[in-house]
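Following: one structure in structure tokens, then a few remarks.
This one's a predicted model, so the numbers in the text were calculated from it and none came from an experiment. Below, read A as the first sequence line, B as the second, and so on, with proteins coming before strands; counting in each chain starts at 1.
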Number of protein chains: 2
Amino acid sequence: MEICPSNALPVRIGDKWTAWVVRLLEHGPRRFTELRKDMGRVTPKVLTETLRAMERDGMLTRTEFDEIPPRVEYELTELGHSLRALLDHTCAWTRENLPLIEAARRANDEADHARTA
Amino acid sequence: MEICPSNALPVRIGDKWTAWVVRLLEHGPRRFTELRKDMGRVTPKVLTETLRAMERDGMLTRTEFDEIPPRVEYELTELGHSLRALLDHTCAWTRENLPLIEAARRANDEADHARTA
DNA sequence: CCGTATCCACAATGATACTG
DNA sequence: CAGTATCATTGTGGATACGG
């Protein structure tokens with residue numbers, strides 16, 4: 001997740017894409033293709049899996065409009081919105097501590113390298 | 001992680017075992033085998049990998065005592081301790097919301113089953 | 001537009017056995 | 001006691017192509 005750089009990091013919300021979906025939906029409903037465009041390289045299969053799992057858990061609703069061309073909107077439920085506070089804590093922790101972690105990694109990797117050389 | 005039942009759930013700290021290690025070390029240093037015993041079924045390989053990764057990231061220190069039989073102690077650093085607040089938030093969120101998620105799952109699964117039948 | 005259907009790659013975890 | 005070495009398994013995510 002690049003949304004807050006927790007790629008490097010020990011805290012994740014569910015799978016690889018869930019947190020990102022929450023962020024993209026926090027200001028209102030979005031359509032499938034909108035989400036897809038804003039999420040870097042998600043394949044439709046994986047995005048569908050993510051959204052279905054979140055729907056099953058009651059984090060969002062899926063609304064299908066009977067139009068042509070088809071339109072489907074995804075919207076956070078109250079439960080989905082409640083994740084935002086947790087995401088905020090997580091991002092805050094990461095902002096504060098990521099530099100420390102990166103420094104520790106560099107130090108340890110350098111020490112290992114010195115030992116090997 | 002059964003420590004707070006986030007198995008079912010969308011928030012995880014790092015990999016499968018990291019959060020548990022933090023909890024086991026929060027009141028002081030522990031030895032390899034102590035950790036292993038308290039952590040259900042971790043194989044020594046996986047526990048070693050977890051501990052080494054955490055050490056590399058500056059979350060804990062590994063202290064080897066020159067005794068026979070060997071003794072090694074793992075202890076959280078300040079950075080490691082800082083994860084506790086995040087864990088607390090996560091567990092609180094889970095305690096509050098897990099029932100809702102489980103209810104949503106039951107409801108959705110039942111609806112699916114009805115549709116299939 | 002909004003997906004499904006197949007197949008595949010890889011990382012994470014586990015089982016088992018062995019060692020300084 | 002505190003690991004290492006190998007191998008097997010699984011599960012998540014991705015590539016690609018196609019369908020209502």
Listed nucleotide nearest any side-chain atom of A:V46, set D:dG13, D:dC1, C:dT13:
D:dG13
Under 4.0 Å between any heavy atoms, over every strand shown, what does A:R71 touch: base, sugar-phosphate, or nothing? Just pick one.
sugar-phosphate
Check every atom of D:dG13, D:dG3, C:dT13 against the side chain of A:D15 and return the nucleotide holding the closest atom.
D:dG13
Candidates C:dC2, C:dC7, C:dG3 - which lies nearest the side chain of A:R62
C:dG3
Taking the side chain of B:V72 as its heavy atoms from C-beta onward, which of D:dG3, C:dC1, D:dC1 lies nearest to it?
D:dG3
First locate atom CG of A:D57, then atom CG of B:N108, and finally report the distance between them rounded to the nearest 0.5 Å.
8.5 Å
Can you identify which nucleotide, out of C:dC1, C:dT13, D:dA2, has its nearest atom closest to the B:E49 side chain?
C:dT13
Shortest side-chain distance from B:R52, nucleotide among D:dT4, C:dA15, D:dA17:
D:dT4
What integer distance in Å separates B:E64:CD from C:dG20:C1'?
11 Å
What is the nucleic acid contact for A:Y74, judged by heavy atoms within less than 4.0 Å: base, sugar-phosphate only, or nothing?
sugar-phosphate
Among D:dA2, C:dC1, D:dG13, the one nearest any side-chain atom of A:P70 is C:dC1
Using a strict threshold of under 4.0 Å (side-chain N to carboxylate O), is an ion pair present between B:E26 and B:R23?
yes
What's the NZ-P distance between B:K16 and D:dT12, to the nearest Å?
11 Å
Atom pair distance, as rounded to whole Å: CD in A:E67 and P in C:dC2:
10 Å
Whole Å only: how far is the CE atom of A:M39 from the P atom of D:dG13?
11 Å
Of the nucleotides C:dC1, C:dG14, D:dT4, which one has an atom closest to the side chain of B:T48?
D:dT4
Which distance, rounded to the nearest 0.5 Å, do you find between the CD of A:E75 and the OG1 of A:T61?
5.0 Å
So, is B:K45 near the phosphate of D:dA2, with a side-chain N or O under 4.0 Å from OP1 or OP2?
no
Using whole Å, what does the distance between atom P of nucleotide C:dC2 and atom CG of A:L51 come to?
11 Å
Closest to the A:P44 side chain: D:dG14, C:dG3, C:dG14?
C:dG3
Nearest 0.5 angstrom please: A:T50 OG1 to A:Y74 OH, how far?
10.5 Å
Report the nucleotide, chosen from C:dT16, D:dA2, D:dG14, that has the shortest atom-to-atom distance to any side-chain atom of B:T43.
C:dT16
Phosphate oxygens OP1/OP2 of C:dC1: is one of them under 4.0 Å from a side-chain N or O of A:R31?
no
Report the distance from atom CG of A:L47 to atom C1' of D:dT12, rounded to the nearest whole Å.
15 Å
Whole angstroms only, please: what is the NZ-P distance between A:K37 and C:dG3?
15 Å
Could you check whether any side-chain N or O of B:R30 sits under 3.5 Å from a backbone N or O of B:L24, counting only pairs where one atom can act as donor and the other as acceptor?
yes
